[in-house]
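Everything below concerns the one structure shown next.
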Amino acid sequence: MRATPEVPDDGGPAIAGTGIRKDYGDRAVLRGVDLTVGWGEIAVLFGANGAGKTTLLRILAGLTRADAGTTHIAGRPMHRRGNRARRLVGFAGHQTMLYNDLTCRENLAFYARLYGIRDAGGRIDEVLEQATLSDRANRRVRTLSHGMQKRLAMARAILHRPAVLLLDEPESGLDAESVATLGDLLRDWATSGRAALLTTHSAEVGLAWADRSLTLAGGRIESDVAPERSGPAQPTMLQ
Ligand code: ATP
C-alpha cells in the first residue's frame, strides 16, 4: 500500500539489506545480515545486549559504514552515495541529536533548514503536537525531562516526512501514556503505507507493535516471524 506522497512508487521494498558485515577490531559483530521490510510494515528487532542491533540500525540509516554487504531504502542504495536514500529515512537513536541551549521550536527549525523544508512553521507545529509537546515549544531542551527530550527527538525524526523510520529503543524512558501515543503514531505510520524498523528490549511493547519480529543473534537474523500469523511468540525469540 502506497497511500502517501512521501512513499516512492518506483523503488523496491522499504528496507533491504544483503550480506551486511561489520567488524570492530577482531570482533565480528554482524556476520552477514539479510533482511527485508515491506511497505506498511512495522518490524521489531530483538536481540541480547551487544547483539549488534544499534550497529545494524545505524548502517541502514547511513550513519555507520558496513564492511561488506548492500543496503537499500526504497530501492535506493544507502551503501554508496546514500543521499537519495538518506532523505527517505527518519532516525532516532540513543543520542537525541538536539541542541540543549535551543528551544524545541528552534531545534526543529534548525533541522527543517537542513532538510530544505520551506515555510516549516506549520509542519513544526504539527510534529510538536504529535509529540504532545505543543505547550513546551518555547522551552529550552535542557529544561525538558529525558522522556520529553526523546519525544522531541522523535518529532525531529519525522519532521521531513520520511517514508521509513529507524528507531533505536524508542519506548525506553517513556511513561505509559507516551508509549501508547508512540504506538498509535507507528500504527498510523504503517497504515499510511510507510514502514518502520525498531529495536526494543520490551517483548510486551515490541510484540504489541510488530507486524514482523526479527531476532539478531550470532551476527545474523536468527528468526523472522510475523506474530499475528504464527500465534504467540516463542520464548526463544525474546532474548
Ligand atoms: P544493546 O542492546 O546493549 O543496546 P546492541 O545490540 O545495540 O546492544 P551494539 O550497540 O550494536 O549492540 O554493539 C554491538 C557490539 O559492537 C558490542 O560488543 C559493542 O561493544 C561493539 N561496538 C559498538 N559500537 C562500537 C564502536 N564504535 N567501536 C567498537 N566497538 C563497538
Side-chain angles (χ1 to χ4, degrees), residues 14-37 41-73 78-80 82 85-86 89-98 146-147 149-154 156-157 162 164-175 178-179 182-183 186 195-225 227 233-239:
I15 303 170
T18 311
I20 301 170
R21 297 188 60 91
K22 181 70 185 174
D23 299 341
Y24 285 118
D26 57 6
R27 178 165 158 62
V29 176
L30 303 178
R31 298 163 178 255
V33 171
D34 299 320
L35 85 168
T36 308
V37 178
E41 265 188 346
I42 300 171
V44 176
L45 182 64
F46 293 103
N49 286 138
K53 302 179 299 297
T54 296
T55 303
L56 177 58
L57 228 56
R58 289 182 59 86
I59 288 171
L60 293 170
L63 297 169
T64 294
R65 189 178 286 276
D67 294 320
T70 63
T71 51
H72 290 84
I73 301 292
M78 184 64 95
H79 57 284
R80 61 183 147 80
R86 207 168 274 120
V89 170
F91 176 82
H94 291 297
Q95 279 92 35
T96 58
M97 298 195 275
L98 298 168
H146 170 67
Q149 291 188 22
K150 278 202 78 153
R151 279 162 29 203
L152 183 59
M154 184 70 194
R156 176 191 50 70
V164 172
L165 267 180
L166 299 171
L167 307 174
D168 204 357
E169 298 183 35
E171 88 296 346
S172 78
L174 296 188
D175 60 33
S178 303
V179 172
L182 179 57
L186 286 171
L197 174 64
L198 53 111
T199 72
T200 184
H201 285 291
S202 165
E204 187 191 344
V205 164
L207 292 176
W209 292 352
D211 297 311
R212 288 208 10 239
S213 163
L214 309 169
T215 304
L216 187 60
R220 295 196 176 86
I221 300 295
E222 187 190 64
S223 73
D224 181 345
V225 182
Q234 299 303 308
T236 52
M237 292 166 49
L238 311 177
Q239 299 184 39

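All residue numbers refer to positions in the sequence shown, counting from 1. All values below were derived from every heavy atom in this structure, side-chain atoms included, with hydrogens, water molecules and symmetry-related copies excluded. When a ligand or atom number is given, it counts from 1 through the structure's own listing order.
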Does the protein put any heavy atom within less than 4.0 Å of atom 2 (O) of ligand 1?
-> yes
For atom 19 (C) of ligand 1, decide whether some protein heavy-atom distance is shorter than 4.0 Å.
-> no
Presence of salt bridge, Lys53 and Asp168, under 4.0 angstrom = no
Does the side chain of Ser202 come under 3.5 Å of the side chain of Glu171 through a donor N or O and an acceptor N or O?
-> no
Do you see a donor-acceptor pair shorter than 3.5 Å between the side chains of Ser178 and Lys150?
-> no
Out of Thr54, Ile59, Leu30, Val29, who gets a non-hydrogen atom closest to atom 10 (O) of ligand 1?
-> Thr54
For atom 15 (C) of ligand 1, which candidate among Gly52, Ser172, Gly47, Gly50 provides the closest heavy atom?
-> Gly50
Within 4.0 Å of some non-hydrogen atom of Lys53, the atoms of ligand 1 are 1 (P), 2 (O), 5 (P), 6 (O), 7 (O), 8 (O), 11 (O), 12 (O)
With atoms numbered from 1 as shown, which atoms in ligand 1 lie under 4.0 angstrom from a non-hydrogen atom of Glu169?
-> 4 (O)
Determine, using heavy atoms of [X] and all atoms of ligand 1, whether some pair is separated by less than 4.0 Å.
X	answer
Arg58	no
Ala48	yes
Lys22	no

Just by modelled atom types, is the Gly19 backbone N or O under 3.5 Å from a matching donor or acceptor in the Asp34 side chain?
-> yes
What is the nearest protein non-hydrogen atom to atom 13 (O) of ligand 1, stated with its residue, atom name and distance?
-> Thr55 OG1, 3.9 Å
So which heavy atom in the protein is nearest atom 30 (N) of ligand 1, and how far is it from that ligand atom?
-> Tyr24 CG, 3.3 Å
